[in-house]
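Working notes, beginning with the structure itself.
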Amino acid sequence: MKILVTGGAGYIGSHMTRMLIARGYEAVVLDSMEYGHKESLPAEAPLVVGNVADETVVKKLFSDHHIDGVMHFAGYLQVEESVRFPIKYMKNNVIGPVTLLQCMREAGVKPIIFSSTAAVYGNPLTVPISEDHRKQPVSPYGLSKWAFEELLRVYDRSYGIKSIALRYFNAAGASLDGLHGESHTPETHLISLACQAALGLRAHFSIFGTDYETPDGSALRDYIHIEDLCDAHIKVLEALISGHPSDVYNVGTGTGTSVREVVAEITRAAGHAFPVTEAGRRAGDPPILVADPAKIMKEFGWKPAHSDIGSIVTSAMKWHTSHPKGYA
Ligand code: UDP
């Protein structure tokens, strides 16, 4: 089976590509390389440099390779940037990938796994959040992912494209072999930033928002180890290929960890305190995002194995220690 991984040179996409190869699949990566890292890819996966919106490139890819399924990770992901540049997010995350769907149709490729997000829910009315919770994204990023989910429903009804959207909570951590980890430019994610501050690679770490209605005033998130997240993709891909209907699933652990708790865990892993400052809330951030993962657990027997915050932080620290400049 050959899987097209869009955004396959990014943090989650490259981990996914390596796992697909390790589990006996073939993989082809399509990545614009605006943010991707060649070093994160296994030699077995050919890289096509291009955008999912580029019809010539995508058409050629489908004619050069017999693709059995698509995993779509390509997309912009910075919540705060999306508030400043909403149209950039709509163009890149919603309109551009329509070309990918059109080329799938033409090539007769039906299954697609879509990298969605807990940000589709907005400020939750109830926690933990189940899939049928109201969708009212508070950031253009969340809206762009929700819009593409809706588009996938249209493509199923009208053209028989089968999709599973996975709504990730907070993907984090590095590969268990210590060889690959999270490296964004600019880095915006909590665990990477705090690890780098603990290692002296940044002057300090800032907690965004200490006045939330949460036990310690900082925001609660549900951190999921990249390994567990990618394992969920393989399970739903196999189901979709075997005829499972289109659907959506949360991928999280069901446990909320506060920003302050993450900082404490990183302090423990580093073995020393590091400079932490308190700042205002970041635009577009809901106070609490914690998954109800019962649906994916029950239907697919998926269970996180590496997602306690201690294991996530230990793997992330190991990677940042050995890669102080990321992939750069
Ligand atoms: N956060 C923070 N300081 C930072 C980066 C993030 O306090 O320098 C907070 C952020 O406001 C959110 C949580 O950490 O409450 C997780 O943010 P991240 O960007 O890692 O993931 P997101 O939840 O936005 O997908």
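Just so it is clear, the model here is predicted, and its values are computed rather than measured.
Heavy atoms of other residues, nucleotides or ligands lying less than 6.0 angstrom from NZ of K38 number 12 at most. Counting non-hydrogen atoms of other residues, nucleotides and ligands closer than 6.0 Å to CE of M1 gives a total of 12 or fewer. Within a 6.0 Å radius of NZ in K91, no more than 12 heavy atoms belonging to other residues, nucleotides or ligands are found.
Using bins of under 30°, 30° to 60° and over 60° for the plane-to-plane angle, the ring pair H184/H189 lands in the tilted bin.
Looking at H66 and K2, their side chains never bring a donor and an acceptor atom within 3.5 Å of each other. For the residue pair S307 and T253, no side-chain donor N or O sits within less than 3.5 Å of a side-chain acceptor on the partner. When only modelled atom types and interatomic distance are considered, S192 and E182 share a side-chain donor-acceptor pair under 3.5 Å. Under 3.5 Å, the side chains of H225 and S315 contain a donor-acceptor pair of N or O atoms.
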Next item on the list: Step by step, work out the salt bridge (Lys or Arg N to Asp or Glu O under 4.0 Å) result for D285 and R282.
Entry: CA-CA 6 Å; D285 272 351; R282 187 173 64 176; 3.0 Å; yes
Next item on the list: Show the numbers, then the answer: is there a ring-ring contact (aromatic ring centres under 6.0 Å, His included) between H72 and F148?
Entry: CA-CA 11 Å; H72 177 45; F148 197 73; 5.4 Å; yes
Next item on the list: Show your reasoning for whether side-chain hydrogen bond (donor to acceptor under 3.5 Å, both in side chains) applies to E81 and Y89.
Entry: CA-CA 9 Å; E81 183 191 51; Y89 276 68; 2.4 Å; yes
Item checked: Derivation of the ring-ring contact (aromatic ring centres under 6.0 Å, His included) call for Y327 and W319 -> CA-CA 11 Å; Y327 287 113; W319 152 261; 4.9 Å; yes
Margin query: Could you walk me through whether K145 and E150 satisfy the salt bridge (Lys or Arg N to Asp or Glu O under 4.0 Å) test, starting with their C-alpha distance in whole Å, then the side-chain angles of each, then the deciding distance to 0.1 Å, before giving a yes or no?
Written below: CA-CA 9 Å; K145 291 286 184 172; E150 289 282 29; over 6 Å; no
Notebook entry, point to check: So R153 and E149, salt bridge (Lys or Arg N to Asp or Glu O under 4.0 Å) or not? Walk me through it.
Noted result: CA-CA 7 Å; R153 283 182 270 281; E149 277 193 22; 3.5 Å; yes
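Rounding to the nearest 0.5 Å places CG of L101 at 10.0 Å from CZ of R105. One finds the NZ atom of K318 at 9.5 Å from the OG1 atom of T314 (value rounded to the nearest 0.5 Å). Rounding to the nearest 0.5 Å places CG of D231 at 8.0 Å from NE2 of H306. For the atom pair I129 CD1 and N250 CG, the distance stands at 7.5 Å (nearest 0.5 Å). One finds the OG1 atom of T117 at 9.5 Å from the CG atom of L77 (value rounded to the nearest 0.5 Å). With rounding to the nearest 0.5 angstrom, the NZ atom of K162 is 3.5 Å from the CG atom of D156.
Side-chain contact between M16 and I234: present, with at least one pair of heavy atoms (C-beta onward) separated by less than 4.5 Å. By the 4.5 Å heavy-atom criterion applied to side chains, W146 and Q136 are not counted as neighbours. The shortest distance between side-chain heavy atoms of V262 and Y223 falls below 4.5 Å. Using a 4.5 Å heavy-atom threshold, the side chains of V58 and L30 count as touching. Side-chain atoms of V138 and L143, non-hydrogen and from C-beta on, never get closer than 4.5 Å to each other. Put simply, the side chain of T255 does not reach to within 4.5 Å of the side chain of V290, judged on heavy atoms. Proximity of T99 to D54: side-chain heavy atoms (C-beta onward) are nowhere separated by under 4.5 Å. For the pair M19 and E227, the minimum side-chain heavy-atom distance is below 4.5 Å.
Using a distance-only test at 3.5 Å, with no hydrogens or angles considered, no donor-acceptor pair links the side chain of S14 to the main chain of A9. Between the D308 side chain and the S311 main chain, a donor and an acceptor come within less than 3.5 Å of each other. The backbone N or O of A165 sits nowhere less than 3.5 Å from a side-chain atom of S116 that would complete a donor-acceptor pair. Judged by distance alone, with hydrogens and angles left aside, the side-chain atoms of S139 form no donor-acceptor pair with the main-chain N or O of V79 at under 3.5 Å. A donor-acceptor pair under 3.5 Å is absent between the side-chain atoms of R221 and the main chain of F169, judged by distance alone. Side chain of T6 to backbone of A74: a donor-acceptor contact under 3.5 angstrom is found.
Under the 4.5 Å side-chain heavy-atom criterion for Ile, Leu, Val, Met, Phe, Trp and Tyr, L176 and I191 are members of distinct hydrophobic clusters. A continuous path of Ile, Leu, Val, Met, Phe, Trp and Tyr side chains, each step under 4.5 Å between heavy atoms, connects I113 with L229, placing both in one hydrophobic cluster. M71 and I241 fall within the same hydrophobic cluster, defined by Ile, Leu, Val, Met, Phe, Trp and Tyr side-chain heavy atoms under 4.5 Å apart, directly or through other members. A chain of hydrophobic side-chain contacts below 4.5 Å, direct or via other Ile, Leu, Val, Met, Phe, Trp or Tyr residues, connects I309 to V276. No path of Ile, Leu, Val, Met, Phe, Trp and Tyr side chains, each step under 4.5 Å between heavy atoms, connects V29 with V48, placing them in separate hydrophobic clusters.
Shown here for L152 and S163, the closest heavy-atom pair between the two residues is CB-OG, 3.7 Å. The minimum heavy-atom distance linking D216 with S258 is given by the pair OD2-OG, 2.6 Å. Heavy atoms only, all atoms of each residue included: Y141 and N93 are closest at CD1-ND2, 4.3 Å. A pairwise comparison of heavy atoms in R18 and S40 identifies NH1-O, 2.8 Å as the closest pair. For the pair G256 and E261, the tightest heavy-atom approach, listed with the atom from each and the gap, is O-OE1, 4.2 Å. Closest non-hydrogen pair, T17 versus G8, comes out as OG1-O, 3.7 Å.
Under the 4.0 Å criterion applied to side-chain N and carboxylate O atoms, E80 and R84 are assigned as salt-bridge partners. The residues R202 and E187 are annotated as not salt-bridged, no charged nitrogen and carboxylate oxygen being separated by less than 4.0 angstrom. A salt bridge does not link D228 to K303: none of the charged side-chain nitrogens sits closer than 4.0 Å to a carboxylate oxygen.
Listed by first and then second residue, the ring-ring contact (aromatic ring centres under 6.0 Å, His included) pairs involving residues 193-215 amount to none (not counting sequence neighbours). Contacts classified as ring-ring contact (aromatic ring centres under 6.0 Å, His included) and involving residues 245-287 (residues at least two apart or in different chains) are given here: Y249-F300. Listed by first then second residue, pairs satisfying ring-ring contact (aromatic ring centres under 6.0 Å, His included) with a partner in residues 115-138 read Y121-H133, not counting sequence neighbours.
For S175, the side-chain hydrogen bond (donor to acceptor under 3.5 Å, both in side chains) partners are D177, not counting sequence neighbours. Partners of D211 under the salt bridge (charged side-chain N to carboxylate O under 4.0 Å, His left out) rule, at least two apart in sequence or in another chain, are R281. Listed by chain and number, the residues in a salt bridge (charged side-chain N to carboxylate O under 4.0 Å, His left out) with E55 are K59 (sequence neighbours excluded).
Each of Y25, Y168, F114 was scored for a ring pair (Phe, Tyr, Trp, His ring centres under 6.0 Å) with H233, with one residue passing: Y168.
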